[in-house]
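Whatever order the structure lists them in is the order used to number ligands and atoms, beginning at 1. Hydrogens, waters and symmetry mates play no part in the numbers below; they use all other heavy atoms, side chains included. Start at 1 with the first residue, then count along the sequence.
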Amino acid sequence: MEFSVLADSYEKLEATRGRLEMMAILSELFKKAKPDEIDRIIYLSQGVVAPPFEGIEVGLGEKLVEEAISVATGYSKRRVEEVYRKTGDLGNTAEELLSSKQQMSLFSQPLSVQKVFDNFMKLAKTGGAGSQESKIKGLVELLNNSTPKEARYITRFPVGKLRLGVGDPTILDALSAYKAGDKSLREELERAYNLCSDLGLVARTLFVDGIEAIRKFRIKVFNPVRPALAERLPSAEEIIEKIGTCAVERKYDGLRLQLHKQNEKVEIFSRRLERMTPMFPEIVAGVRKQVGAKEAILEGEALAYNETGGEYYPFQLTMQRKRKYGVKEKAEEYPLKLFAFDVLYADGEDYTQRPYHERRKRLEKLIGTGSVIKLSDMIVTGNPKKLEEFFEESIEKGMEGIIAKDLNAEYVAGARKFAWIKLKRSYKGELADRVDLVVIGYFLGKGAREKFKFGGLLCAVYDEKEDMFKSIAKIGSGFSEEQMKQFEEMLGKIKVDHKLARVDSEIKPNFWVDLKYVVAVAADEITRSPTHTAGKGKDESGYALRFPRMMELREDKSPEEATTVQEIIEMYKMQKRIQLEEV
Ligand code: AMP
């Protein structure tokens with residue numbers, strides 16, 4: 001495929017304000033793709049050169065891209081900077097400068113998708129001395145052969161600002177529409193995606209081997225599996241009512257890790273499926289020593305542990321282990337223990353479709369003696385009183401609460417199901433649980449905050465059915481001065497001049513932003529609201545948070561992992577019931 005076809009589609013996507021239209025543009029694009037290039041088309045459209053968990057980044061800063069534009073167009077760096085200042089966008093800068101240098105396109109070869117992808121991949125793999133020069137050269141080569149419109153996207157790509165706003169669910173819908181003309185294959189495609197976290201691979205499998213191969217898709221070591229998620233219920237009684245006799249595990253407050261092992265090779269992925277192997281050397285060693293299988297995929301929660309005091313450190317200290325530098329020192333200061341709670345694969349057997357009780361048995365056999373990996377504490381009970389006691393004991397030990405697990409349920413990758421139900425301490429007069437919201441826009445400071453170009457956030461929850469982000473709260477409190485500065489800087493970089501196609505909000509912030517940040521927010525309660533769009537129906541008002549307060553940035557969550565509209569509605573119902581009981 002010629003790159004110009006892709007650039008035309010990107011231009012259309014950029015101008016789109018609706019998700020259905022986005023899906024149609026993508027499925028039309030897919031119809032023009034050959035099976036051996038569909039994965040590259042998908043990666044490029046996601047703004048990556050490989051599935052995100054591989055962590056391969058093109059890594060060209062803005063300054064280098066400016067330099068490449070200058071070399072390719074013959075304009076001075078000052079001129080490039082001037083135009084950049086005016087347009088505020090590197091892509092538009094390259095486009096403008098290249099169009100005033102029209103003659104070149106007459107002589108150049110049309111760029112292919114393959115060529116663009118290969119060059120970016122080469123740039124990503126270039127490192128070491130002199131790498132900056134060769135990266136600039138690689139980009140110049142592309143720009144020398146591109147039309148102004150192509151240059152717009154070629155320069156946005158390496159700085160991570162493609163900003164097409166297409167989410168994974170939209171790509172899955174578009175793949176289904178390409179193959180079946182409607183969304184009927186979405187669920188099957190999604191299952192495959194949940195098992196491998198690689199949309200390029202799913203698309204290639206569909207294109208090359210058809211839907212049958214998607215149906216037979218299996219889990220693979222070193223492809224992270226999208227994690228199963230927990231639902232919530234307000235009491236021990238309701239949990240037992242819902243799933244009967246169940247396993248009850250402590251809810252450890254640490255980092256969720258997925259461990260992959262093949263012989264001596266070990267990889268660790270975060271809940272967001274980022275590769276974290278270099279951060280946790282003691283866990284890598286623990287897996288090699290204690291996991292008794294040639295190949296395995298398991299999950300657990302890692303916590304910093306104080307050997308001297310014999311107690312777990314709070315979450316904030318565990319989080320300090322998420323770092324690129326000073327790993328060894330921090331590992332000595334705050335060594336981690338891993339509480340294994342599930343096994344997804346072991347020696348050729350896919351366990352995701354086996355019931356919990358079988359998986360647990362396998363897990364117990366899998367973990368050998370050693371000090372790093374332990375099994376999660378667990379009891380099996382059908383008695384709400386016993387569950388309650390275990391819950392209270394967990395709180396006393398400093399845990400967040402418990403997670404009850406349906407003994408007969410499969411491991412449902414990437415989904416929130418009643419297979420796992422969490423129960424946390426409910427504080428009177430406050431929302432029992434914090435919610436995780438996506439930042440969709442922000443406001444400028446007023447009054448005492450005028451000195452900051454930041455005065456608060458406009459936040460949304462995720463509507464899974466519609467794949468849209470719907471407003472639920474304006475957050476103006478809970479920010480330290482430092483955080484305000486941090487937000488001013490972070491959000492300034494991802495400002496966009498219009499509401500994104502997947503955002504639904506009637507409130508207009510001073511600036512809309514790309515969907516990137518998730519924040520944990522506490523509130524007093526959930527109320528019905530005519531101004532917010534979360535849960536809003538034709539004749540029904542939406543939901544809002546009363547007195548929302550910013551707690552922390554959730555860098556471990558992606559926008560699609562934020563609290564969903566459905567969860568808000570359930571929390572609202574739960575709150576109503578608790579209020580009634582209290583009267
Ligand atoms: P939440 O993030 O509040 O939705 O709760 C689910 C999270 O609890 C999981 O993603 C895990 O990180 C964590 N967790 C802690 N202990 C367990 C456990 N025993 N089983 C499953 N998840 C656990």
Side-chain angles (χ1 to χ4, degrees), residues 224-234 239 243 246-259 268-274 276 298-305 312 314-315 318-319 322 336-344 356-357 359-360 363-364 367 373-380 387 390-391 393-395 397-407 409 411-426 431-437 461-462 464 518-522 551-552 554-558 560-564 566-568 570-571 574:
V225 180
R226 307 207 343 127
L229 303 171
E231 280 284 358
R232 39 164 96 67
L233 281 175
I239 291 177
I243 57 175
C246 56
V248 187
E249 297 186 20
R250 300 208 194 282
K251 186 171 192 307
Y252 301 95
D253 194 10
L255 289 168
R256 181 174 189 165
L257 300 182
Q258 200 175 91
L259 315 168
I268 301 177
F269 298 101
S270 70
R271 180 194 161 108
R272 279 187 77 169
L273 315 178
E274 290 152 333
M276 307 193 98
L298 44 138
E299 268 195 324
E301 191 88 357
L303 267 74
Y305 182 68
Y312 295 97
F315 181 66
T318 302
M319 280 303 277
K322 255 185 96 177
L336 299 179
K337 292 218 183 295
L338 183 104
F339 289 91
F341 56 72
D342 222 319
V343 55
L344 313 186
Y356 171 88
H357 65 88
R359 299 203 305 279
R360 178 76 191 190
L363 185 68
E364 285 170 6
I367 308 296
I373 308 179
K374 296 181 181 304
L375 282 166
S376 60
D377 252 358
M378 187 270 272
I379 58 165
V380 174
L387 196 156
F390 193 74
F391 171 77
E393 194 186 285
S394 304
I395 297 285
K397 286 179 186 276
M399 315 281 163
E400 273 191 297
I402 57 97
I403 299 204
K405 298 184 175 178
D406 184 337
L407 292 170
Y411 182 95
V412 195
R416 198 176 289 285
K417 288 270 153 81
F418 278 99
W420 289 8
I421 308 173
K422 60 185 171 189
L423 179 65
K424 295 196 198 178
R425 157 107 39 238
S426 135
L431 212 54
D433 212 352
R434 299 186 321 186
V435 288
D436 297 320
L437 306 182
V461 282
Y462 183 48
E464 283 176 302
V518 175
V519 289
V521 173
M551 303 305 283
E552 62 182 349
R554 286 292 307 251
E555 284 180 82
D556 59 325
K557 287 201 169 178
S558 65
E560 284 83 6
E561 284 174 317
T563 302
T564 61
Q566 202 49 44
E567 284 180 275
I568 292 289
E570 270 159 29
M571 286 166 82
M574 239 160 24

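Between Arg360 and Glu249 a salt bridge is recorded (basic side-chain N to carboxylate O distance below 4.0 Å). A salt bridge is defined here as a Lys NZ or Arg NE, NH1 or NH2 lying under 4.0 Å from an Asp or Glu carboxylate O, and Glu552 with Arg434 meets this definition. Salt-bridge check for Arg250 with Glu393: passed, with a basic side-chain N closer than 4.0 Å to an acidic carboxylate O.
Taking the six-membered ring where the residue is Trp, Phe339 and Tyr252 present parallel rings, their angle staying beneath 30° rather than reaching 60°.
Taking OH from Tyr356 and CG from Leu407, the interatomic distance works out to 7.5 Å, rounded to the nearest 0.5 Å. Here the CG atom belonging to Leu344 is positioned 7.5 Å from the CZ atom belonging to Arg359, to the nearest 0.5 angstrom.
Contacts with ligand 1 closer than 4.0 Å are made by no heavy atom of Phe339, backbone or side chain. Only side-chain heavy atoms of Phe341 come within less than 4.0 Å of ligand 1; its backbone N, CA, C and O stay farther off.
Close approach of ligand 1 to Glu249 (heavy-atom distance below 4.0 Å) involves ligand atoms 18 (C), 19 (N), 20 (N). Near Lys422, meaning under 4.0 Å from one of its heavy atoms, ligand 1 places the atoms 1 (P), 3 (O), 4 (O), 5 (O). Residue-ligand proximity, Glu301 to ligand 1, at heavy-atom distances under 4.0 Å covers atoms 11 (C), 12 (O), 13 (C), 14 (N), 15 (C). Within ligand 1, counting atoms from 1 as listed, the ones closer than 4.0 Å to a heavy atom of Lys424 are 3 (O).
By the side-chain hydrogen bond (donor to acceptor under 3.5 Å, both in side chains) test, Arg232 pairs with Asp433, Glu567, sequence neighbours left out.
Here atom 2 (O) of ligand 1 lies nearest to Arg271 when heavy atoms of Arg271, Arg250, Lys405, Glu299 are compared.
Regarding atom 15 (C) of ligand 1, its nearest protein heavy-atom neighbour is Tyr252 O, 3.0 Å.
Close N/O approach between Lys251 and ligand 1 is found [any backbone or side-chain N/O within under 3.5 Å]. Considering both main-chain and side-chain atoms, Arg256 comes within under 3.5 Å of ligand 1 through a nitrogen or oxygen pair.
Between Val435 and Met571, some side-chain heavy-atom pair lies under the 4.5 Å cut-off.
In this structure, Ile403 is part of the shell of residues with a heavy atom less than 4.0 angstrom from ligand 1.
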